[in-house]
Student: 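Sharing a structure with you now.
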Amino acid sequence: MLLDTPRGMDDLLPREMALKRRIEDVIREVFKLYGYLEVETPTVEYYELFALKSGEEIRERMFDFIDKGGRRVVLRPEVTASIARLVASKLKAMPPPLRLGYIADCYRYDEPQWGRRRRFWQGGFELIGSKDPLADAEILEVSYEVFSRIGLRDQYFKVGHVGIFREILKSYRVNEKIQDRILTLLDRKMIVEAFDLMRKNGVDEDGVKVIENLMKLEGTDLRKISIDASNILSPWKEAYRDLEDLCEIIDLAREGGVESKMVVSLGLARGLEYYTGFIFEQSVPDLRIALNGGGRYDNLIELFGGNPTPAVGCAIGITRIMQYILEKKAEETPTPSRPRILLTGVADVSKRYVMKVARILRGMGFGVEVEVLSRKLPSAIEYALKSGMKFMIIVGRREEAEEKISIRDLELRRQVELPLSDEEKIMEALTGVERV
RNA sequence: GCCGCGGUGAGGUAGCGGUUAGCCUUCCGGCCUGUGGAGCCGGAUGCCUGGGUUCGAAUCCCAGCCGCGGCCCCA
């Protein structure tokens with residue numbers, strides 16, 4: 001108990017931390033490349049922020065508690081709601097469009113299993129204020145860019161558009177709540193139940209048939225799917241417009257360099273209820289779960305009391321990507337960076353001289369670890385080799401007396417003795433070590 | 001929240017009613033008081049927790065915890 005972390009919450013060891021940092025660095029590079037300004041919001045938010053637009057299901061899966069002041073608060077299960085809150089309040093005065101990015105830890109009270117932790121990190125891109133397909137395409141692009149830079153070359157997308165089904169259902173006056181439920185059923189492949197619910201809410205057989213036929217349209221041949229779909233959709237003008245919208249998004253993303261496989265799936269739906277249009281998931285072939293997901297949410301900001309503001313975004317599952325790389329692509333896991341120079345004092349050299357040498361070397365930008373276990377030289381060398389050091393700086397009485405240091409190249413097994421004041425020579429001797 | 005499988009030193013594992021709980025890696029010390037990853041010798045840490053059955057439990061039973069997988073849901 002004392003030595004356990006709470007269920008589903010992980011310690012990140014140096015190796016894992018190095019990997020997480022690499023992924024975060026990539027995400028931040030892409031923030032810069034596309035103009036996303038990074039923000040940070042509190043891990044703890046008021047319960048209402050998330051309760052507003054999520055069903056019973058999500059509510060039960062939140063870390064939910066009462067603080068000492070009697071306020072009901074939660075650990076955020078995702079960040080988009082916080083971003084919408086920001087846009088509806090503090091960033092109201094910023095001229096649109098807004099491009100916001102975040103990297104944040106999120107919490108869900110789920111049963112842990114592969115790819116699902118109670119604490120996990122998401123990296124998000126939110127493009128707020130535009131309803132142009134250019135914006136949706138940009139989200140696909142940044143997703144593609146992040147995955148490519150991480151090295152997930154076999155990435156693919158699944159893209160869909162919840163607007164198409166919503167428009168058809170709307171034409172039968174099915175209200176939004178019921179629409180949500182039908183979409184959820186379709187997403188879970190509970191087709192029969194979905195159709196029953198549709199019939200119960202006034203959708204005639206034509207409507208059911210249309211949805212049924214659209215569900216069958218899934219594949220990579222965008223042209224064929226759009227022709228087939230447009231035939232089916234001809235009586236539904238708004239739905240047809242959504243289809244065109246989807247095609248344009250894909251076309252623009254392709255033009256923007258998204259080369260990976262894209263599966264168009266008109267039956268695709270997603271768990272979060274706030275999606276209103278284009279939606280997508282991104283993953284790799286040997287996983288069943290998504291590593292990134294997102295879509296358009298044009299009503300959320302207004303719901304939070306902001307001006308009606310269209311928005312589109314995605315949330316990259318950093319923790320899932322980490323687990324994938326750690327387990328499936330172990331060779332690509334980076335090693336934590338650590339100094340490659342060990343400074344060892346021998347015999348009765350003064351500790352003050354050791355400190356002085358360390359200070360000067362670090363002043364030159366070299367990362368230096370100081371031997372602090374009073375190891376004798378042979379075992380210090382053994383330790384240095386085992387720890388991947390490239391150089392050892394050895395200082396003893398002899399060196400101290402002449403203000404010198406001995407630099408031993410552990411790979412070439414060569415050693416030179418240099419005056420501590422001769423920075424140029426020291427630099428030369430230590431070539432191959434990255435400076436901080 | 002539900003269902004199934006599992007938990008042996010730091011890591012990987014053998015044992016599956018009576019063993020001194022074995023092996024590999026790691027770690028520490030010595031050989032070796034200013035120069036090489038070796039070798040040899042020695043040493044350290046363990047049966048998830050709590051109950052029960054039994055003369056006797058790592059081993060069987062129950063509960064919890066943790067892990068893995070599935071449902072649900074999701075990144």
Side-chain angles (χ1 to χ4, degrees), chain A residues 1-10 13 15 23 27 54-62 76-80 102-124 143 146-147 184-185 187-190 269-273 275 279-284 287-295 313-324 327 342 344-349 371 373-389 391-400 406-415 417:
Chain A
M1 187 69 185
L2 191 63
L3 297 181
D4 287 333
T5 52
R7 186 166 170 74
M9 311 242 186
D10 303 308
L13 304 184
R15 198 174 108 91
I23 296 169
I27 292 173
S54 45
E56 282 303 317
E57 197 63 51
I58 301 278
R59 269 179 241 179
E60 279 171 20
R61 287 168 199 273
M62 286 200 284
R76 60 178 167 218
E78 51 117 13
V79 187
T80 303
Y102 61 84
I103 292 174
D105 53 343
C106 299
Y107 299 79
R108 286 184 201 171
Y109 201 88
D110 273 328
E111 279 313 300
Q113 57 182 258
W114 203 99
R116 197 172 70 189
R117 313 300 302 158
R118 287 187 174 180
R119 179 187 194 219
F120 57 95
W121 274 264
Q122 287 191 334
S143 297
V146 167
F147 276 52
T184 307
L185 288 171
D187 184 41
R188 291 185 214 161
K189 312 280 179 270
M190 297 165 78
R270 307 204 66 245
L272 296 168
E273 284 178 12
Y275 289 116
I279 56 171
F280 77 99
E281 289 178 352
Q282 187 180 14
S283 194
V284 290
L287 289 184
R288 311 184 77 197
I289 55 177
L291 295 176
N292 175 28
C314 68
I316 297 171
I318 294 173
T319 303
R320 280 187 177 176
I321 293 174
M322 281 172 66
Q323 194 174 0
Y324 174 72
E327 288 175 22
L342 181 72
T344 308
V346 296
D348 48 357
V349 67
E371 215 296 307
L373 296 181
S374 316
R375 280 187 225 260
K376 288 160 192 159
L377 202 45
S379 51
I381 291 170
E382 198 179 322
Y383 168 78
L385 289 164
K386 214 181 295 176
S387 312
M389 299 288 170
F391 292 100
M392 262 180 89
I393 310 290
I394 299 164
V395 293
R397 238 202 218 169
R398 290 203 310 259
E399 286 85 354
E400 182 172 11
S406 291
I407 299 179
R408 184 166 183 84
D409 185 320
L410 294 166
E411 283 160 15
L412 299 176
R413 306 187 177 203
R414 274 209 302 257
Q415 188 166 325
E417 198 171 318

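Order of the sequence lines fixes the chain letters, A, B, ..., with proteins taken first and strands second; residue numbering starts at 1 for each chain.
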Student: Mind calculating the distance between CZ (Arg119(A)) and C1' (C66(B)) to the nearest angstrom?
Tutor: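 Spelled out: CZ on Arg119(A) to C1' on C66(B) is 19 Å.
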Student: Hey, does Gln415(A) have a side-chain heavy atom less than 4.5 Å from the side chain of Asp409(A)?
Tutor: no
Student: How close or far is atom P of C68(B) from atom CH2 of Trp114(A), stated in whole angstroms?
Tutor: 11 Å
Student: Would you measure the distance from the C1' atom in C68(B) across to the matching atom in U26(B) and give it in whole Å?
Tutor: 25 Å
Student: Would the distance check show the side chain of Thr344(A) and the main-chain N or O of Ile394(A) forming a donor-acceptor pair, the cut-off being under 3.5 Å?
Tutor: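 Not a single qualifying donor-acceptor pair exists.
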Student: For residues Arg118(A) and Glu111(A), report the shortest heavy-atom separation together with the two atoms involved.
Tutor: NH2-OE2, 3.4 Å
Student: Got a donor-acceptor contact below 3.5 angstrom from the Glu371(A) side chain to the Leu373(A) backbone?
Tutor: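 Yes; at least one donor-acceptor contact below 3.5 Å.
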Student: Rounded to the nearest Å, what distance is computed from the CD1 atom of residue Ile289(A) to the P atom of nucleotide A75(B)?
Tutor: 11 Å
Student: Under 4.0 Å between a Lys/Arg side-chain N and an Asp/Glu carboxylate O for Asp110(A) and Arg117(A)?
Tutor: no
Student: Would you mind telling me which of Ile321(A), Ile318(A), Ile316(A) makes a side-chain contact (heavy atoms from CB on, under 4.5 Å) with Asn292(A)?
Tutor: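 The side-chain contact (heavy atoms from CB on, under 4.5 Å) with Asn292(A) is passed solely by Ile316(A) among Ile321(A), Ile318(A), Ile316(A).
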Student: Using a heavy-atom cut-off of 4.0 Å across all strands, would you classify Gly388(A) as base, sugar-phosphate, or nothing?
Tutor: nothing
Student: State whether Arg117(A) places a side-chain N or O below 4.0 Å from either non-bridging phosphate oxygen (OP1 or OP2) of C66(B).
Tutor: no
Student: Quick one: does any side-chain atom of Glu281(A) pair with a main-chain N or O of Ala290(A) as donor and acceptor, under 3.5 Å?
Tutor: no
Student: Taking any heavy-atom pair under 4.0 Å as a contact, classify Leu377(A): base, sugar-phosphate, or nothing.
Tutor: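 The answer is base, as Leu377(A) lies within the cut-off (heavy atoms under 4.0 Å) of a base atom.
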Student: So, is Arg398(A) close to the U35(B) phosphate, meaning a side-chain N or O under 4.0 Å from OP1 or OP2?
Tutor: no
Student: Let me know, please, whether Arg320(A) or Arg414(A) comes out on the 5' side of the other along RNA chain B by nearest nucleotide.
Tutor: Arg414(A)
Student: Using the side-chain hydrogen bond (donor to acceptor under 3.5 Å, both in side chains) rule, take Tyr109(A) and Arg61(A) through it: C-alpha gap first, then chi angles, then the decisive distance, then the call.
Tutor: CA-CA 5 Å; Tyr109(A) 201 88; Arg61(A) 287 168 199 273; over 6 Å; no
Student: Using whole Å, report how far CD1 of Ile23(A) lies from C1' of A75(B).
Tutor: 13 Å
Student: Does Ile318(A) reach a base, just sugar-phosphate, or nothing at all? Heavy atoms under 4.0 Å.
Tutor: nothing
Student: Rounded to the nearest angstrom, tell me the gap between atom CG in Asp10(A) and atom C1' in C66(B).
Tutor: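 So the two atoms are 12 Å apart, to the nearest Å.
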Student: Hey, is Phe120(A) doing a stacking thing with A75(B), by the 5.5 Å centroid and 30° angle criteria?
Tutor: yes
Student: Measure from the side chain of Arg413(A), starting at C-beta and using heavy atoms only, and say which of G34(B), G70(B), G36(B) lies closest.
Tutor: G36(B)
Student: Which letter, B, S or -, goes with each nucleotide of nucleotides 24-33 of chain B from 5' to 3', with contact meaning a protein heavy atom under 4.0 Å?
Tutor: ---SS-S---
Student: Expressed as a whole number of angstroms, how long is the span from Glu399(A):CD to U35(B):P?
Tutor: 12 Å
Student: Reckon Gln415(A) has a side-chain N or O less than 4.0 Å from the OP1 or OP2 of U35(B)?
Tutor: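 Result: no.
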Student: Can you tell me which nucleotide in C74(B), G34(B), G37(B) comes closest to the side chain of Glu382(A)?
Tutor: G37(B)
Student: Are any side-chain N or O atoms of Glu399(A) and backbone N or O atoms of Gly396(A), one a donor and one an acceptor, separated by less than 3.5 Å?
Tutor: yes
Student: Looking only at atom P, what distance separates G51(B) and A14(B), rounded to whole Å?
Tutor: 29 Å
Student: So what does Glu111(A) touch, heavy atoms closer than 4.0 Å: a base, only the sugar-phosphate, or nothing?
Tutor: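 Base, at least one base atom sits under 4.0 Å.
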Student: Name the closest nucleotide to the Leu410(A) side chain, picking from C74(B), G36(B), G34(B).
Tutor: G36(B)
Student: Write down the distance separating the C1' atoms in G37(B) and G70(B), rounded off to the nearest Å.
Tutor: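 Roughly 47 Å separates the two C1' atoms.
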Student: Donor-acceptor pair, distance only, cut-off 3.5 Å: does the side chain of Ser379(A) make one with the backbone of Arg375(A)?
Tutor: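 Judged by distance alone, no pair lies under 3.5 Å.
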Student: Work out how far the C1' atom of G42(B) is from that of C65(B), and round it to whole angstrom.
Tutor: 38 Å
Student: Whole Å only: how far is the CD atom of Glu371(A) from the P atom of G34(B)?
Tutor: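 These atoms are roughly 13 Å apart.
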Student: Report yes if a donor N or O on one partner sits less than 3.5 Å from an acceptor N or O on the other, where the partners are the side chain of Arg116(A) and the base of A75(B); otherwise report no.
Tutor: no
Student: Roughly how many Å apart are C32(B) and A10(B), using the C1' atom of each and rounding to a whole number?
Tutor: 27 Å
Student: Take atom P in G69(B) and the same atom in G52(B), then report the distance between them in whole Å.
Tutor: 35 Å
Student: Would you mind reading off the distance between Arg408(A) atom CZ and G37(B) atom C1', rounded to a whole angstrom?
Tutor: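 Spelled out: CZ on Arg408(A) to C1' on G37(B) is 13 Å.
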Student: When the P atoms of G9(B) and C3(B) are compared, how many Å lie between them, rounded to an integer?
Tutor: 28 Å
Student: Give me the distance, rounded to whole Å, that separates C28(B) from A44(B) when you measure between the P atoms they each carry.
Tutor: 16 Å
Student: Would you classify Gln113(A) as touching base, sugar-phosphate or nothing, given that sugar-phosphate means primed atoms plus P, OP1 and OP2, and contacts are heavy atoms under 4.0 Å?
Tutor: base
Student: Has the side chain of Arg397(A) got a donor or acceptor that lies under 3.5 Å from a partner of the other kind on the base of G34(B)?
Tutor: no
